[in-house]
Protein chains: 2
Amino acid sequence: MTVSEEVRVRERPRQPTSADVAALAGVSRTTVSFVINGRADVQIPPKTRRRVEDAARELDYHPHGPARQLAAGASLTIGLVMRQSAEQVAADMNLPNYLWGLAAAARAGGYRVLVEPLAPEDGTYAGLLRSRRADGLIVSGPRDDDDELAALVRDGFPIVIQGWRADLDVPSVDVDNRAGARGAVEHLLELGHRRIGCITNAPLQYTAAAERLSGYRDALTTAGIDFDPGLVVEGAFDAASGHVGMAGLLRNGGPSAVFVASDVVAIGAIRGLRDAGLRIPADVSIAAFDDIPIAAHVDPPLTTVHLPAGALGEAAGQLLVDRIAGRPVPARTLLPTELIVRDSTAVPRKSGGR
Amino acid sequence: MTVSEEVRVRERPRQPTSADVAALAGVSRTTVSFVINGRADVQIPPKTRRRVEDAARELDYHPHGPARQLAAGASLTIGLVMRQSAEQVAADMNLPNYLWGLAAAARAGGYRVLVEPLAPEDGTYAGLLRSRRADGLIVSGPRDDDDELAALVRDGFPIVIQGWRADLDVPSVDVDNRAGARGAVEHLLELGHRRIGCITNAPLQYTAAAERLSGYRDALTTAGIDFDPGLVVEGAFDAASGHVGMAGLLRNGGPSAVFVASDVVAIGAIRGLRDAGLRIPADVSIAAFDDIPIAAHVDPPLTTVHLPAGALGEAAGQLLVDRIAGRPVPARTLLPTELIVRDSTAVPRKSGGR
DNA sequence: GGTCGAGACTAACTCGCGTTAGTAACGCGC
DNA sequence: GCGCGTTACTAACGCGAGTTAGTCTCGACC
C-alpha cells in the first residue's frame, strides 16, 4: 500500500508580520494596517503607500488570519453543517454542485466555507458558532427535534436552513419541492396516465420528501383522481430503496406511471421495472426529481424536475452573508424548478390507462 | 421566489470569556486555562477543578477559536483545495464520500476542514497557508505547471497531494489507478475479448487518466496484443464525453469490449452503444472505473473497479495531520482497488472475437 | 513672527487565550 | 523559631493584528 521512501519535515521560515513590513518601509505598524486595509477615512500620501506596498510585496506578507479574526471579532468563515448519515451524503449527487455554488457566494462576500459533516448521532455543532470559528451556519437536513438548532436561533446566531423547519424563526432556502413535484405529475396526467404511483425520495419525516409527496397529491386532486395510499412507497435516498420500492408497487397492481421523487431512487426503480420485464416508457412512465448530472445519460434519459443545485448553494451562501452583515433577509427563499422532459415518459400503453 | 416576511437581526449577548469563568469560579484565568486544556503537568486539586468546570458549564463557555489559534500558533484547520473546473467537480460523484472520509480523519486529529474550490483560472490558494487560516493543505487535481504549489512545498508547508506530481517532493495519496485498470482489462481478456477499446476518464494531462491508460496497455502487452491507437479515445469527466467518445470508437470499426476509465463516462458510452443498436454485454462488454454509488443500479449494473472514496479521503486527512504534527510520512500512498464484476461484461458474441 | 490648523504619522491599548516565572501559604522537621 | 520544600495558585507577557487618542511637522494667514 505504500512505498518505503518517506518525506521528512523541514523547518519553515517564520512568516513576516506587519511589524516586519513596517520596519522595511520605515513606518509604523499602524500605517501598514491602514494601507493594507485600504482605509478610506485615513489619508496616506501616495509615496508612503507605495513604500508600504512594495515592502509587503517584497516580504510576501500575508496578514495573520487568526490575529485578524481576533481583533476584528469575526472569523470570516461560514460553516456548512450536514446533519445526515454518511450513506445519505454519499447518495447526494448534487452536493458537489451545491458546494461549488456555496463557496462562490461565500468568496464573493469575503468568506470561506468550513464543512462539518455530522451524522445525527455524531455530536454537536453549536461549538462552531460559540467558539467563533464560524460567523454563521448553513444547516442542512436538521431533524425536527434538533434542540441545539433552536437554542442557537434563540440566541440570535446567523443561521440559514437548507430545507425547512416550520417552527423556527430562521431564514431557509430550498427549491419549490411541492410545485416541482406537482409539475412532474401534471406532465404524466397530460400524457393520459390515470393510475400514477409515487416513490418518495426519503422517509416522510424529511420535509422535502413530505413536500414532494404533497405536490403529487395536489396534482391528483386537481385532476379529480382519488388518492390511493397503496400507490405510495417510501424511498430512502439511494437506488437500492427505489429497487425494492418498485417491487412493492408492482405487487400492489402496477401503475402505468410512477413519480419517483429522486433521480437516484428512480434509477433503482427502473431496475425494478426491468426485473419484472417491463419497458420504460413503453409499459411504465417514470418522472423523477433532481436532474443529477447523469440524468440525461442514463437509459432511458430521465424526464425529471431540474434542481438548480449550484444556484441553491449560491443563494444559501448569499443569504447567510447578508444575515451576518445584519441586513434583513427573506424568511423563506424558494428557487423555482423546471421540468425537463426526456425519454422516460410517454403516453400509456392503452390510451386511457388501465 | 421569496415570501415577503423577513427575518430581522437580533442582538446577540456577549459570549463569556475565560475571565468570566475565572471570576465565577473565584480563581485566576490561568487556572481556568489549565483546567480547560486538561494539562497533565499541572496539579489542580479536584475541588478547584470541579469549581472551574461547573462555572464553565453554567456560563456555557467555549474558548474563543481565533484567540486560541493566535496564542497556539495553529489554526487547527486543514484546507481542501480543488483545482478543477466547476463542471469537473460536478461530475465527481465520489466527492461526497471523499469529503466525508476526509472530515472524519480531520476531526479525529482535532482538525476541521475548509473547502476551497478553485477553478484553474480562479486565483491562488497560497494565502490560505501563508495567512495561517489553514495549517496544511490537501491539493486535488493540481496542474503540472502549478508554480504556486511548488513554492509552497519548497517553503516546507505541510501539503498532501490527491493524485500525483512526479516532480515534487511531497506526499501524495491515490488509488492504484494503473493496477486497477489493468485488472479490469485482464477481466475482459479472460472472458475472451481480443479487440478491446478504451475511453479515458479525462484528457491525458491528468495523471490519473494517463495511469489508467497505462494499466490498459499493460494488460494488452502481457496478453501479447498490439496496442492500437485507433481504439483509444479521450473522455472528459462527464457522460456527454463518453457518448461522443463511443460514437468515435464505433466509426473506427467496433471493438467487442471497451474499458471506460470512469463510471460516469461509461454511462454516456453505453448510451452511445445503444444509439447504434448494440446491446451490453451481449454485443459489447463494458468495464468501467470508480464504482460510484449508483454503479450497481444503472442498466446494466456496471462491472467496475471499486474506488474506496471514503477511505481515500480518510487516508489523505490522516496523512496530512501526521505531516502537520511533524511525523514522517510515506512519500506515496496507494490504496488498493477491487474489481467488482456485475452485468456489463460477458464473453464475446462469437467466441474468439472478430 | 507667532498662531492656528490641517496633514501625516505613531504610541499604546484592545481582542481572548496560552504560558512562564514567580509568590504566598502550608506542612514538616530540627 | 527558622529553614526548606511542596502545593496551589497568579501576575504579567506574548501571539499579530485593528484602532483610538494623540503628537509632531509644516505651511498659510493675520
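Source: prediction; values computed, not measured.
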Practice item. May I ask you to test the A:Ile138-A:Ile159 pair for a side-chain heavy-atom distance under 4.5 Å? Key: no
Review point. Within a strict 4.5 Å, meaning less than it, do heavy atoms of the B:Gln88 and B:Arg83 side chains meet?
Key: no
Check your understanding: Would you say B:Ser28 reaches D:dA11's phosphate, i.e. side-chain N/O to OP1/OP2 under 4.0 Å?
Key -> no
Review point. Reading nucleotides 15-20 of chain C from the 5' end, what letters show protein touch, with B for base, S for backbone sugar-phosphate only, - for no heavy atom under 4.0 Å?
Key: BBBBBB
Point to revise | Passing option when A:Leu102 is tested against A:Val113, A:Leu320, A:Leu312, A:Val115 for side chain to side chain contact (heavy atoms under 4.5 Å, CB included) | key: A:Val113
Practice item. May I ask you to verify if any side-chain N or O of A:Thr31 is less than 4.0 angstrom from the OP1 or OP2 atom of C:dT10? Key: yes
Practice item. Taking side chain to side chain contact (heavy atoms under 4.5 Å, CB included) as the test, write out the residues that go with A:Pro142, two or more places apart. Key: A:Val139, A:Asp146, A:Leu149, A:Ile161, A:Arg165
Revision key, fill the gap. note: A:Leu76, atom CG; D:dA17, atom P; distance rounded to Å ~ 15 Å
Practice item. Decide yes or no for B:Pro66 and B:Arg68: does some side-chain heavy atom of the first lie under 4.5 Å from some side-chain heavy atom of the second? Key: no
**Study point:** Any side-chain donor near an acceptor of the partner, B:Gln318 and B:Asp322, under 3.5 Å
**Key:** yes
Review point. Without hydrogens or angle criteria, can the side chains of A:Arg29 and A:Ser18 be said to hold a donor-acceptor pair below 3.5 Å?
Key: yes
Check your understanding: Does the side chain of A:Gln162 pick up a donor-acceptor pair with the side chain of A:Ser172 at under 3.5 Å?
Key -> no
Practice item. Mind calculating the distance between CD1 (A:Ile44) and P (D:dT19) to the nearest angstrom? Key: 14 Å
Check your understanding: To 10°, what angle do the rotation axes through the five end pairs on each side of the helix from C:dG1-D:dC30 to C:dC30-D:dG1 form?
Key -> 70°
Check your understanding: Tell me, which pairs form a side-chain hydrogen bond (donor to acceptor under 3.5 Å, both in side chains) where one or both residues lie in residues 42-55 of chain B, sequence neighbours left out?
Key -> B:Asp54-B:Arg57
Sort me out a list of protein N/O and nucleotides 22-26 of chain C N/O pairs below 3.5 Å, or just none if empty.
none

Exercise for review: Would you mind classifying the nucleic acid contact of A:Val42 as base, sugar-phosphate or nothing, using non-hydrogen atoms under 4.0 angstrom?
Suggested key: nothing
Review point. Is A:Arg332 salt-bridged to A:Asp174, cutoff N-O under 4.0 Å?
Key: no
Exercise for review: Whole angstrom is fine here: how far is it from CZ in A:Arg49 over to P in C:dC9?
Suggested key: 11 Å
Check your understanding: Under the side chain to side chain contact (heavy atoms under 4.5 Å, CB included) test, which residues partner B:Ala71, sequence neighbours left out?
Key -> none
